[in-house]
Structures are given as structure tokens and as C-alpha cells.
Amino acid sequence: MERCLSKLNTLITSEQIETKIAELAARIREDYHDRNPVLVGVLKGSFVFLADIVRVLDIPLGIDFIGVSSYRGRMESSGEIELIQALRTPIAGRDVLVIEDIVDTGLSLNYVLNVLRQKTPASVKVCALLDKPSKRKITVPIDYSGFTVPDKFVVGYGLDFDEQYRYLSHICYLEEK
Ligand code: IMP
Ligand code: MG
């Protein structure tokens, strides 16, 4: 019988996200206010987080996106990372801050960091809203981390399951009904 995964349970409210973004933005602003960094959002999941944090940051910065894929509709990482959209902004000599929705195995972020480092930026740091350390396969640096989440599949606030639920303003976990 096919599993039904449509029961949504709130894990992080939109108020908690807003408070966390203010905290993260204060730290990032302090570190980057005079550096005109390039924020690189990892598509697609980071689009909501990036849109919210840049408006709270309110400092001069550039924005670009990089697209990677490893899930393809499943809940477990395939382990094979594909570059599906390249960065267009030249980042040599620039300070880069990668904006991620969630770090799970760490494989996608590790791949993104390698791609970016080859372009000789002045620095590369990482800001991830969610950290799911239980399935980590490779150590990756997270310089600005929002929430640590348990070993559950989470959706909302940009994160999807099979392209569903990205529009939710809070973060839920999916449960079998
Ligand atoms: P990783 O390569 O396993 O660290 O996973 C990287 C990407 O997979 C994240 O940036 C997300 O886009 C997606 N992902 C990982 N865990 C979840 C989850 O619980 N819900 C939704 N997407 C996830
Ligand atoms: Mg992501």
C-alpha cells in the first residue's frame, strides 16, 4: 500500500523564524556591513529565507543563485549532486555568503562550496536556517546557523516535498497518516 505523508505538524512558527532572522541578521550585519558581500542562495529551497534576511540585513550586498539537485522527489538524498544552475556573478576577490535552507547530509553544501572556492573569492561563509545533523555524511562549516532540527522531513518556508508546501510561512514536519 502506498504511504500517505500528508499530515503536517508545526515545528517552527513564523514568529520564531522572524526572531531568529533578526538575530542572524544582526551578526551578519556586524561582520559584513562594509564588505559588500555576494549572498548566494542555493535554489530552490533558500528563496524565502534569502528574501527575508536581505530585507532585515539592510546593508549593501549582491545577490545571486546557484542551483543544485539531489532529491528528485524523494525524502532521502540520492548522494549524487547535480549543478542545475550556475552562478552568473563574478565572485573573484569578493566575500561570499552562501544562504541555505537546510543542511542534511552536507553533500549539497560541500559541492556548492567546492564550486564557489574554484572561483577564488576573498572568503566563503555559510548561513543555514536549519541544521539536521543526524544524517550528516560530510563535515561542512555552518558559520551562521538558525535552528537545529530533529531527524524528520521538514517542509514550508521554501522547503518542499515533491514541490509541495514551499509557500507555508512556518516550518512543519511530515508524518505518515
Ligand atoms: P543535503 O545535501 O543532504 O545536506 O541536503 C541538501 C538539500 O536537500 C537541502 O538544501 C534541501 O533543499 C534538501 N533537504 C534536505 N533535508 C530536507 C528536508 O527535511 N526537507 C526538505 N528538503 C530537504
Ligand atoms: Mg537547499
Side-chain angles (χ1 to χ4, degrees), residues 2-14 16-17 20-21 24 28 38-54 63-87 89 91 96-118 124-177:
E2 208 175 299
R3 292 191 307 171
C4 178
L5 289 155
S6 57
K7 188 167 187 299
L8 290 173
N9 304 277
T10 300
L11 185 65
I12 305 169
T13 65
S14 49
Q16 288 173 306
I17 296 171
K20 186 64 74 177
I21 285 180
L24 291 171
I28 295 168
V38 182
L39 269 56
V40 175
V42 184
L43 291 173
K44 297 181 190 170
S46 71
F47 80 103
V48 179
F49 180 39
L50 179 65
D52 279 351
I53 202 159
V54 290
I63 296 175
D64 204 347
F65 295 94
I66 190 167
V68 292
S69 170
S70 74
Y71 275 76
R72 302 190 200 156
R74 295 189 294 268
M75 290 171 81
E76 299 262 317
S77 170
S78 68
E80 288 165 40
I81 317 298
E82 240 186 316
L83 184 69
I84 54 176
Q85 186 176 313
L87 196 72
T89 305
I91 56 166
V96 171
L97 182 60
V98 177
I99 304 292
E100 255 290 24
D101 52 355
I102 184 167
V103 181
D104 185 7
T105 63
L107 294 171
S108 307
L109 179 58
N110 184 61
Y111 179 94
V112 165
L113 290 173
N114 285 335
V115 168
L116 296 175
R117 283 178 187 139
Q118 282 168 20
V124 185
K125 286 193 175 183
V126 175
C127 173
L129 181 65
L130 306 176
D131 181 7
K132 194 180 353 173
S134 48
K135 292 253 176 69
R136 197 62 44 83
K137 287 188 180 158
I138 190 160
T139 305
V140 280
I142 306 179
D143 304 281
Y144 308 93
S145 176
F147 302 93
T148 300
V149 294
D151 185 14
K152 292 182 185 297
F153 199 82
V154 295
V155 295
Y157 199 71
L159 291 108
D160 75 308
F161 173 62
D162 213 5
E163 291 303 325
Q164 295 180 78
Y165 311 117
R166 291 194 196 275
Y167 61 87
L168 295 173
S169 58
H170 57 293
I171 293 168
C172 298
Y173 65 90
L174 278 174
E175 208 174 33
E176 287 181 55
K177 263 211 283 208

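Atoms within each ligand, like the ligands themselves, are counted from 1 in listed order.
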Checklist entry - Residues two or more places apart in sequence or in another chain: which of them pass side chain to side chain donor-acceptor pair (under 3.5 Å) with Thr89? => result Asp64
Checklist entry - For the atom pair CD1 (Ile171) and CG (Asn9), what is the distance rounded to the nearest 0.5 Å? => result 14.0 Å
Next on the checklist: With a 4.5 Å cut-off on side-chain heavy atoms, are Arg136 and Val103 touching?
Outcome noted: yes
Item to check | Heavy-atom side-chain proximity of Arg166 to Val48 below 4.5 angstrom | outcome: no
Checklist outcome for this item: CD1 (Ile28) and CD1 (Ile99) are apart, to the nearest 0.5 Å, by 5.5 Å
Checklist entry - When only distance counts, is Val154 in polar contact with ligand 1, meaning an N/O pair under 3.5 Å? => result yes
Checklist entry - What part of Glu100, side chain from CB on, backbone N/CA/C/O, both or neither, has a heavy atom under 4.0 Å from ligand 1? => result side chain
Item to check | Atoms of ligand 1, numbered as shown, that sit under 4.0 Å from any heavy atom of Asp101 | outcome: 9 (C), 10 (O), 11 (C), 12 (O)
Next on the checklist: Can you list everything that forms a salt bridge (charged side-chain N to carboxylate O under 4.0 Å, His left out) with Lys152? Sequence neighbours excluded, please.
Outcome noted: none
Checklist entry - Looking at Asp160, which atoms of ligand 1 are within less than 4.0 Å of one of its heavy atoms? => result 21 (C)
Checklist entry - Between Val155 and ligand 1, is there a nitrogen or oxygen pair with a distance under 3.5 Å? => result no
Next on the checklist: A side-chain contact here means heavy atoms from C-beta on lying under 4.5 Å apart; do Leu130 and Leu159 qualify?
Outcome noted: yes
Next on the checklist: Less than 4.0 Å is my threshold; does some heavy atom of Ser108 fall inside it relative to ligand 1?
Outcome noted: yes
Next on the checklist: Please list, in number order, the atoms of ligand 1 under 4.0 Å from a heavy atom of Thr105.
Outcome noted: 1 (P), 2 (O), 3 (O), 4 (O)
Item to check | Residue portion contacting ligand 1 (non-hydrogen atoms closer than 4.0 Å) for Lys152 | outcome: backbone
Checklist entry - Which of the listed options, Gly106, Ser46, Ser69, holds the heavy atom that is closest to atom 4 (O) of ligand 1? => result Gly106
